[in-house]
Amino acid sequence: MSDIDMIKVINAEKAKKLFEQSKRADNRGLLDIRKLDIKKGVMNSADGSAWVKLGNTEVIAGVKFAVGTPYPDSPDEGTIVVNLEMSGIASADIDTGPPSIEAMEYGRVVDRVIRSSECIDFKGLSIVTNEKSFIMYVDCYTINADGNIIDATQYAAMAALLDTRIPKLDESNNIVPKEYTEQKLKINKDKLAVSFTFGKYKDKLILDTTEIEDLATETRFTVGVCGDNIVAYHKGGGKGTFKIEEINKIMDIATAKYQDIKNKICDEQ
Amino acid sequence: MSDIDMIKVINAEKAKKLFEQSKRADNRGLLDIRKLDIKKGVMNSADGSAWVKLGNTEVIAGVKFAVGTPYPDSPDEGTIVVNLEMSGIASADIDTGPPSIEAMEYGRVVDRVIRSSECIDFKGLSIVTNEKSFIMYVDCYTINADGNIIDATQYAAMAALLDTRIPKLDESNNIVPKEYTEQKLKINKDKLAVSFTFGKYKDKLILDTTEIEDLATETRFTVGVCGDNIVAYHKGGGKGTFKIEEINKIMDIATAKYQDIKNKICDEQ
Amino acid sequence: MSDIDMIKVINAEKAKKLFEQSKRADNRGLLDIRKLDIKKGVMNSADGSAWVKLGNTEVIAGVKFAVGTPYPDSPDEGTIVVNLEMSGIASADIDTGPPSIEAMEYGRVVDRVIRSSECIDFKGLSIVTNEKSFIMYVDCYTINADGNIIDATQYAAMAALLDTRIPKLDESNNIVPKEYTEQKLKINKDKLAVSFTFGKYKDKLILDTTEIEDLATETRFTVGVCGDNIVAYHKGGGKGTFKIEEINKIMDIATAKYQDIKNKICDEQ
Amino acid sequence: MSQNKRPDGRATSQLRPISIRLGVNKNADGSCFLEWGKNTVVATVNGPRPIFPKHLADQTKAVIDYKYRMACFSVSERKSPVPGKRDKEISLVSGHALEAAVMVEQFPNTVIDVNVLILSADAGTRVAALTAASLAAADAGLPMRGLVSAVAAGRANGELILDLNKEDEDTPDAVDMATAFLMPQRELVLLQMDGCVNKKDCSKILETALKGAEVVYELQKKALVEKYPMDGEIQ
Amino acid sequence: MSQNKRPDGRATSQLRPISIRLGVNKNADGSCFLEWGKNTVVATVNGPRPIFPKHLADQTKAVIDYKYRMACFSVSERKSPVPGKRDKEISLVSGHALEAAVMVEQFPNTVIDVNVLILSADAGTRVAALTAASLAAADAGLPMRGLVSAVAAGRANGELILDLNKEDEDTPDAVDMATAFLMPQRELVLLQMDGCVNKKDCSKILETALKGAEVVYELQKKALVEKYPMDGEIQ
Amino acid sequence: MSQNKRPDGRATSQLRPISIRLGVNKNADGSCFLEWGKNTVVATVNGPRPIFPKHLADQTKAVIDYKYRMACFSVSERKSPVPGKRDKEISLVSGHALEAAVMVEQFPNTVIDVNVLILSADAGTRVAALTAASLAAADAGLPMRGLVSAVAAGRANGELILDLNKEDEDTPDAVDMATAFLMPQRELVLLQMDGCVNKKDCSKILETALKGAEVVYELQKKALVEKYPMDGEIQ
């Protein structure tokens with residue numbers, strides 16, 4: 001990671017020049033999102049799954065139910081845990097092994113976007129109040145890393161949840177492997193959580209950056225949208241900063257793009 | 001840590017010359033202890049706490065009760081666990097992260113001094129014989145490190161225990177947060193445990209060394225005193241050794257100083 | 001480990017030349033096993049133990065029983081866990097601390113040889129079906145490492161099991177320390193598991209290699225034999241490969257040597 | 001925004017009392033002891049120093065190694081001394097915030113160690129910690145573009161409020177937005193939120209936070225001027 | 001060997017359907033996506049690159065750092081993301097197998113990173129993974145003595161069979177032998193077995209495995225030729 | 001001190017039987033196998049060798065890396081193989097003790113590896129281990145100021161006694177003092193105690209320990225002279 005890949009540096013310099021003219025190497029407008037393909041139900045071993053391609057960035061998400069004890073302060077609710085692993089699969093730059101600090105950062109953002117939204121009925125995941133409830137693990141893996149892992153992961157996790165079937169329980173309320181109820185996981189689509197991550201270069205905001213563009217930008221901002229509401233903010237690293245007006249602008253852009261992405265996430269292929 | 005700070009080396013050489021004349025840079029006699037200030041009840045989130053300043057060395061100790069299962073060989077007793085963290089806060093030389101081997105060594109010495117003394121009534125920490133008893137965690141943090149961390153930590157831990165209130169239990173014998181019984185933790189003050197750590201340079205014994213003096217001494221010895229008794233010995237590293245007569249002398253000095261330090265620890269400000 | 005010990009390299013070159021003439025530095029034939037000494041019952045703290053010397057390679061194995069919950073798919077069976085630690089004791093080249101990847105590899109092979117054989121009656125280790133069964137931990141330590149750790153460990157583990165006494169249980173089915181039933185662990189000696197590890201240099205197969213010979217060979221193969229059956233295969237690293245005919249030959253050699261090693265393992269001194 | 005009093009008597013846009021002491025740690029290049037309501041924080045800054053192991057070095061700037069820790073006794077139920085995901089995430093985003101303020105490009109191939117220990121916690125520890133760390137960096141004499149003034153704002157019981165304490169945070173409709181501004185530039189260097197709020201309220205909360213940050217900034221300047229009396233003044 | 005049909009309709013010596021796509025990962029030097037029955041595997045190969053920390057380097061050859069991982073959702077009950085003993089052992093022996101195929105002696109003091117992720121598992125994942133990894137190594141342009149063609153063979157319900165799936169593996173008399181051959185040389189580079197089988201059956205299972213490996217090898221060649229059309233042909 | 005017999009028949013100031021074998025490990029620079037009552041210990045010493053990673057090196061002396069380990073089967077209930085706090089602390093203080101005996105200043109920037117494995121434990125393992133390690137260091141030919149002769153002394157059933165075994169240690173009033181002397185100088189290089197004893201008894205226990213250490217020292221010398229016959233004699 002200490003080696004500087006000169007080709008990437010040169011391309012990032014080009015990207016900066018293009019940004020100044022409000023252009024991008026792939027001819028997108030600064031606020032255009034790359035082609036988004038979502039395939040659900042791709043992994044038969046998962047209780048729900050989705051494969052997201054956002055340009056060249058690819059993320060697979062799989063849901064697995066487990067049974068646990070509810071938290072004392074929400075005895076009649078289940079919970080969700082979103083993890084992201086940026087495995088060595090995705091990029092020559094990324095080490096496998098213990099989760100990188102970046103994977104942790106991105107995973108936490110996605111976790112928070114989904115958890116704060118009101119699209120999941122956590123009470124519906126209770127089994128026996130105070131005793132047993134479902135934990136939904138959403139494990140995400142980057143298969144190709146070409147920038148904007150956060151949004152690709154968020155879309156994959158959300159789509160996998162839409163694909164999720166509720167497992168059958170035996171008489172002692174343990175999960176029966178590979179057997180499902182008729183029921184799908186209930187998701188309130190009006191409140192579906194969608195994240196939008198903006199790069200910033202000088203005073204330009206750039207949506208859905210590629211890996212090269214990530215190198216060119218000075219900082220990054222993620223906003224989570226759920227229906228008409230904002231559910232999460234997260235500013236990334238780098239020397240860049242934001243004015244309050246820019247955050248307001250980001251919220252306007254994100255809410256305007258919301259319906260389109262939501263439709264793609266909900267779409268039954 | 002591999003870098004040698006030349007200023008410290010030079011000052012340590014000065015300290016050695018002074019030791020040979022039975023003098024110290026701060027004009028103390030070789031067996032004088034620095035100014036000791038103890039403030040109890042400083043942290044409202046702890047069940048008991050104390051802030052100790054021993055010269056420039058500062059340590060904070062906080063007590064937290066938890067409920068656990070008693071050990072099979074002492075079914076009607078609670079227990080105490082003393083930890084020391086020499087956080088990066090205290091010194092530019094110390095890494096945070098996993099507890100350093102030094103912090104572990106010092107913490108174990110303090111733990112043993114207190115545990116071996118008979119000042120704490122462990123039977124009084126039993127809740128239900130064989131089933132439930134209190135664990136008292138005494139977590140200590142170095143805030144400033146200027147030598148003799150062991151004694152500063154021991155005084156802080158002991159003072160925090162004197163400040164400790166017993167939490168209320170609910171009907172299932174779990175701790176009710178932030179509620180306390182009228183009772184304070186019972187400490188037998190006649191048996192209060194107090195540690196004394198001596199540095200050694202050539203044939204000189206030096207009590208309560210500063211950081212620079214630590215660099216100047218050749219080894220270190222800690223004795224734990226409880227009333228008329230000795231409760232712990234611990235020889236530190238370095239090329240220095242001790243004759244049995246020196247240990248006898250150390251015991252004499254420590255027992256003579258006992259009452260004074262004990263009074264400062266017990267003092268209600 | 002990065003340092004190349006030139007003396008070892010030179011001796012390994014000599015070993016290669018000797019192999020080409022079907023000779024070895026210690027005058028053994030290529031398929032001869034070194035002197036094997038097995039002493040059982042050497043550690044009074046263990047429930048069973050053995051000290052194996054295979055040439056200069058020495059391994060100690062000790063068995064300890066614990067009580068655990070049986071696996072859901074074998075509710076009326078106990079289990080065995082074999083661990084190998086190649087401690088710093090054995091060799092200047094080996095670090096202590098977390099188990100090395102090699103120790104893990106060797107330990108897993110030995111575990112599998114013994115587990116797959118039918119010499120241990122796992123049903124006999126059940127205490128209460130579905131609730132409690134014995135776990136037999138076989139912990140092995142290399143005391144001297146002079147090649148062929150796998151076989152020395154396997155013989156030590158097997159011999160320690162033959163030496164193993166079943167502990168007494170109290171009325172709640174917990175182990176009573178240091179008390180044993182009259183019963184020894186039942187081992188079906190007709191099915192005793194024995195491993196044989198072959199090095200390969202060019203087209204030569206060499207049984208029971210020394211440390212220097214390990215450096216000279218191009219790969220390694222272990223076969224586990226149990227009576228007339230094969231219970232495990234394991235190919236080691238290196239650039240060498242095996243033809244199917246060679247595996248067939250290895251099986252023939254191993255089964256021919258089986259009775260002799262088995263007798264040594266079973267021998268009551 | 002209503003000016004109703006909150007349970008602890010504060011107005012909706014009123015900060016808890018803040019007290020600052022600089023240079024409290026003799027062994028650190030810079031340090032700050034900060035009390036913010038019932039939060040108690042010690043922050044130290046050391047460096048820049050050469051980084052180990054070397055392949056972690058950045059050839060273009062100093063790496064800021066920000067470590068946010070909570071004392072085991074700082075919260076209601078004893079916290080494990082092992083840093084959790086929350087600690088690591090706060091360390092990461094706070095380090096990012098400081099990086100935008102410190103002129104890290106002046107010290108390539110080095111590391112600046114920032115250690116913050118929460119001794120007592122009552123909501124808002126990450127902003128208290130960052131406020132203290134920024135002061136410790138200034139106390140260490142690091143060249144800075146400005147100070148980082150951090151504060152939380154959000155919603156409780158239907159009111160948009162500044163500087164939530166634990167009681168505010170535990171209300172059913174609570175929204176907690178942690179912000180940090182580079183001051184006097186008024187630029188956001190940290191912004192995190194959990195909750196579900198409409199856009200308009202988000203903007204209002206941000207404005208409230210900025211006002212709070214301005215108060216924090218004044219207190220920070222005052223503490224610095226007290227320790228380092230100047231002919232002129234920090235702008 | 002009997003040609004009775006198995007529960008899933010296969011003949012005893014018939015492989016499950018295998019589909020291969022090369023170069024699926026834009027960021028890797030070489031990559032392979034492989035479906036083998038209900039197993040789904042992605043493998044990437046990167047390097048050789050200088051090794052860190054340096055004392056891990058081998059002065060005589062490249063180190064192959066093979067990492068076999070299972071996605072948490074790839075098995076019936078969620079797998080912990082922490083690699084266990086099984087993962088480490090499979091990584092070790094698979095790395096050994098690849099090392100015998102790749103001309104590692106050409107790249108002293110470097111490391112070649114091989115990452116395999118099992119997305120969906122139905123018995124035989126280690127051989128599917130190694131088959132994919134070998135293709136990814138070829139796709140990365142590494143000089144190789146041959147391809148590694150891996151396949152499992154063994155016994156279920158009294159029959160000696162090729163390519164056990166989970167159902168076969170769960171039969172009471174099941175024996176599972178994982179094999180990998182350097183092809184076209186037909187040399188074993190990985191051989192692992194658990195079970196209790198007589199020598200004669202062992203030999204038969206090995207022969208069955210070799211036949212299976214030959215089929216796997218043909219599919220591997222086909223995939224490579226499709227991506228890299230040649231005047232001649234891989235031998 | 002009374003000369004009453006203890007449960008195992010020993011007088012109060014009598015050591016358990018000690019047997020020593022040197023050079024038992026072919027691959028170590030120095031080694032010692034030691035039986036002390038029912039304690040069984042193997043110790044090896046290797047080095048000095050260059051230290052990795054380099055920033056751990058001490059420019060003024062060799063670092064002694066003393067590792068005290070207990071075999072899982074050495075105690076009544078199986079011990080976890082993961083070293084605990086007790087193991088680490090014993091390793092630390094024992095390393096300190098050896099450091100005072102070995103002329104470490106002759107080997108700056110290196111490490112000397114000391115490994116001790118307890119195969120069977122019956123109280124007093126740390127002193128048995130250190131006695132063995134000191135012999136292994138001598139067997140490795142390291143330059144030494146003297147030998148480290150370690151022994152425990154303390155109290156059981158109201159008696160001040162030498163060399164407590166497990167039975168002695170389990171008495172209600174037990175006090176266990178671990179000591180190690182640099183011999184023949186009679187200087188303490190390790191001294192640890194748990195318990196509650198008056199000063200006078202402490203002094204007596206120390207004297208008892210020194211007498212025990214003198215016996216241990218004689219046995220150590222005998223073992224060394226047997227392996228390395230000399231014209232003169234170790235002083």
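Below, read A as the first sequence line, B as the second, and so on, with proteins coming before strands; counting in each chain starts at 1. Computed over heavy atoms, backbone and side chain alike; hydrogens, waters and symmetry mates excluded.
- Sorted by first and then second residue, the side-chain hydrogen bond (donor to acceptor under 3.5 Å, both in side chains) pairs with a member in residues 52-61 of chain A read A:Trp51-A:Glu58, A:Glu58-A:Asn144; sequence neighbours excluded.
- Enclosure of atom NZ in A:Lys16 by more than 12 non-hydrogen atoms of other residues, nucleotides or ligands within 6.0 angstrom is indicated.
- Residue A:Lys184 places its NZ atom among more than 12 non-hydrogen atoms of other residues, nucleotides or ligands, all under 6.0 Å distant.
- The environment of E:Lys227 atom NZ is dense: over 12 non-hydrogen atoms of other residues, nucleotides or ligands sit within 6.0 angstrom.
- In this structure, chain A has no heavy atom under 4.5 Å from any part of E:Val82.
- The salt bridge (charged side-chain N to carboxylate O under 4.0 Å, His left out) search around A:Lys132 returns none, not counting sequence neighbours.
- When heavy atoms are compared at a cutoff of 4.5 Å, E:Val75 approaches chain A solely by way of its backbone atoms N, CA, C and O.
- Atom CG in A:Asp139 sits 13.0 Å away from atom CE in E:Met70 (nearest 0.5 Å).
- Counting all heavy atoms, side chain and backbone alike, E:Leu119 lies closest to A:Ser45 at O-OG, 3.8 Å.
- Heavy atoms of E:Ala43 lying under 4.5 Å from chain A belong exclusively to its backbone.
- Heavy-atom distances place the side chain of A:Asn83, and not its backbone, under 4.5 Å from chain E.
- In this structure, A:Asp121 has no salt bridge (charged side-chain N to carboxylate O under 4.0 Å, His left out) partners at least two apart in sequence or on a different chain.
- For E:Thr40, the part lying near chain A is the side chain, with the backbone staying farther off; criterion is any non-hydrogen pair under 4.5 Å.
- Contacts of E:Val114 with chain A are absent, with no heavy-atom separation under 4.5 Å from either backbone or side chain.
- The candidate from A:Ile60, A:Asp47, A:Val42 with the greatest count of non-hydrogen atom pairs under 4.5 Å with chain E is A:Ile60.
- Taking 4.5 Å as the heavy-atom cut-off, the residues of residues 167-178 of chain A that approach chain E are A:Pro177, A:Lys178, ordered by number.
- Atoms NZ and CG, on E:Lys38 and A:Asn44 in that order, are 6.0 Å from each other to the nearest 0.5 Å.
- In terms of heavy atoms, A:Lys64 sits closest to E:Cys72 at CG-O, 4.3 Å.
- Interatomic distance, OH of A:Tyr141 versus CZ of E:Phe73, reported as 6.0 Å (0.5 Å rounding).
- Between the CD1 atom in A:Ile135 and the CZ atom in E:Arg78 there is a gap of 9.0 Å [rounded to 0.5 Å].
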Evaluation steps, side chain to side chain contact (heavy atoms under 4.5 Å, CB included), between E:Leu117 and A:Glu85 = CA-CA 11 Å; E:Leu117 181 64; A:Glu85 191 167 319; 5.6 Å; no
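- Atom CG of residue E:Asn25 and atom CG of residue A:Asp146 lie 12.0 Å apart, to the nearest 0.5 angstrom.
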